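Notes follow once the structure below has been shown.
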Amino acid sequence: MMLLKIGARGTKRGDFDRLRVDRAVKAIHYAVDHGAKVINWSGFVDDKRPDKLAGLKAAIQYAGAHDVLVVVAAGNSMKDLDEDQNCTYPQCFNEPNMLNVAEIGFDGELDAYSGSDRISGSNYGVHRVHIAAIARNFTTDVRNGVSVYRLAGGTSNAAPVVTGIAALVLSVRPELKAVELRQVLMDSSRKLKTG
């Protein structure tokens with residue numbers, strides 16, 4: 001397991017981080033070059049300049065060329081990612097080695113919840129979101145300089161669940177290519193209720 005940080009220390013929600021894409025590209029290359037078979041990405045990039053997005057897409061394609069599955073959290077804005085105006089990246093890239101993950105609750109429905117400053121819920125999309133997982137679980141956090149456990153949700157918790165399952169599948173089927181692993185995960189899931 002490799003923990004690769006792409007966020008800048010001290011960057012707050014809403015701040016624009018112009019170097020995040022470059023750090024993400026380097027992190028993907030590092031993971032691939034050091035033997036990763038599955039990459040979990042629980043985040044997005046703010047910088048939508050075409051050259052930056054092209055570099056990020058090329059890094060994901062580089063992972064695909066090396067049979068690395070990239071599992072991405074769909075995001076928590078309660079938006080339909082199939083609508084282009086709602087696109088975030090890398091979620092809206094259409095690469096065969098990517099698997100976008102929504103969050104569902106224990107009832108099997110897309111999850112929504114209230115935080116201290118906003119109402120959040122899983123992004124969705126018939127074409128751009130591929131699978132969903134339960135995310136409500138205890139996670140670690142730091143509050144007032146002290147490590148604590150807290151109940152949390154969000155697609156950033158759902159994506160690692162799928163990443164872990166992908167790693168377990170590879171432990172018994174190491175020969176699977178990234179696109180085959182993606183298909184195994186999708187084929188073994190149940191369709192969400194619609195309507």
Side-chain angles (χ1 to χ4, degrees), residues 1-9 11 13 15-49 52-77 79 81 86-104 111 120-125 127-135 137 139-140 152-170 177-179 181-183 185-186 189:
M1 184 182 309
M2 293 174 254
L3 302 175
L4 305 174
K5 181 180 176 186
I6 65 168
R9 186 174 194 176
T11 303
R13 180 179 288 167
D15 287 353
F16 187 77
D17 182 356
R18 295 185 76 81
L19 298 176
R20 186 178 179 99
V21 175
D22 298 330
R23 290 189 300 270
V25 168
K26 287 179 184 177
I28 291 168
H29 279 269
Y30 183 92
V32 171
D33 293 344
H34 287 84
K37 288 297 177 192
V38 183
I39 294 174
N40 180 82
W41 185 343
S42 295
F44 58 92
V45 296
D46 299 334
D47 195 340
K48 293 185 180 179
R49 288 179 289 174
K52 294 296 181 178
L53 290 179
L56 180 58
K57 186 174 186 176
I60 292 169
Q61 290 169 338
Y62 177 78
H66 290 82
D67 281 320
V68 177
L69 180 67
V70 181
V71 179
V72 180
N76 305 310
S77 302
K79 292 183 178 176
L81 294 183
N86 296 332
C87 272
T88 55
Y89 293 92
Q91 290 81 359
C92 287
F93 291 141
N94 184 27
E95 295 304 315
N97 64 310
M98 283 184 60
L99 188 65
N100 291 331
V101 183
E103 175 191 6
I104 56 172
D111 212 4
S120 298
S122 182
N123 287 345
Y124 54 92
H127 301 288
R128 288 184 170 144
V129 179
H130 309 109
I131 199 167
I134 293 174
N137 208 333
T139 188
T140 57
T155 60
S156 290
N157 284 9
V161 170
V162 174
T163 301
I165 294 167
L168 288 172
V169 171
L170 284 175
K177 298 190 178 309
V179 294
L181 176 59
R182 177 183 190 254
Q183 198 61 50
L185 294 168
M186 290 174 60
S189 63

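In what follows, residues are counted from 1 in the order of the sequence shown. These figures come from a predicted structure and were not determined experimentally. The basis for the numbers below is simple: all heavy atoms, side chains too, and nothing from hydrogens, waters or symmetry mates.
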Atom CZ of residue position F44 - does it have more than 12 heavy atoms of other residues, nucleotides or ligands inside 6.0 Å?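 Atom CZ in F44 is not crowded, with 12 or fewer foreign heavy atoms closer than 6.0 Å.
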Would one find more than 12 heavy atoms of other residues, nucleotides or ligands at under 6.0 Å from atom CG of D33?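 Atom CG in D33 is crowded, with more than 12 foreign heavy atoms closer than 6.0 Å.
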Is there a side-chain contact (heavy atoms from CB on, under 4.5 Å) between K52 and D22? Walk through the geometry before answering. CA-CA 8 Å; K52 294 296 181 178; D22 298 330; 2.9 Å; yes
Check whether any side-chain heavy atom of [X] sits under 4.5 Å from a side-chain heavy atom of [Y], and report yes or no.
| X | Y | result |
| --- | --- | --- |
| P90 | V70 | no |
| L69 | L185 | yes |
| L99 | V162 | yes |
| V101 | V71 | yes |
| K57 | E95 | yes |

Take R128 and C87, measure what side-chain contact (heavy atoms from CB on, under 4.5 Å) needs, and give me the verdict at the end. CA-CA 9 Å; R128 288 184 170 144; C87 272; 3.0 Å; yes
In Å, rounded to the nearest 0.5 Å, how long is the span from [atom1] of [X] to [atom2] of [Y]?
| X | Y | atom1 | atom2 | value |
| --- | --- | --- | --- | --- |
| I39 | I28 | CD1 | CD1 | 5.5 Å |
| K37 | H66 | NZ | NE2 | 9.0 Å |
| M98 | Q91 | CE | CD | 7.0 Å |
| N94 | I60 | CG | CD1 | 11.0 Å |
| E103 | N157 | CD | CG | 7.5 Å |
| H130 | N100 | NE2 | CG | 5.0 Å |

Should K48 and L53 be marked as a side-chain contact (heavy atoms from CB on, under 4.5 Å) after you check the CA-CA gap, both sets of side-chain angles, and the distance that decides it? CA-CA 6 Å; K48 293 185 180 179; L53 290 179; 4.1 Å; yes
Looking only at non-hydrogen atoms, find the nearest pair between [X] and [Y] and report the distance.
| X | Y | result |
| --- | --- | --- |
| N40 | P160 | OD1-N, 3.2 Å |
| S42 | A73 | CA-CB, 3.8 Å |
| C92 | L81 | SG-O, 3.8 Å |
| A135 | G154 | CB-O, 3.2 Å |
| A132 | I104 | CB-CG2, 3.5 Å |

In sequence, state the C-alpha distance, the side-chain angles, and the governing distance for N86 and N123, and then conclude on side-chain contact (heavy atoms from CB on, under 4.5 Å). CA-CA 9 Å; N86 296 332; N123 287 345; over 6 Å; no
State which residues pass ring-ring contact (aromatic ring centres under 6.0 Å, His included) with F93; sequence neighbours excluded, sorted by chain then number.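 If we apply the ring-ring contact (aromatic ring centres under 6.0 Å, His included) test to F93, skipping adjacent residues, the hits are Y89.
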For the side chain of N76 and the backbone of T155, is there at least one donor-acceptor N/O pair under 3.5 Å apart?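 A pair under 3.5 Å: yes.
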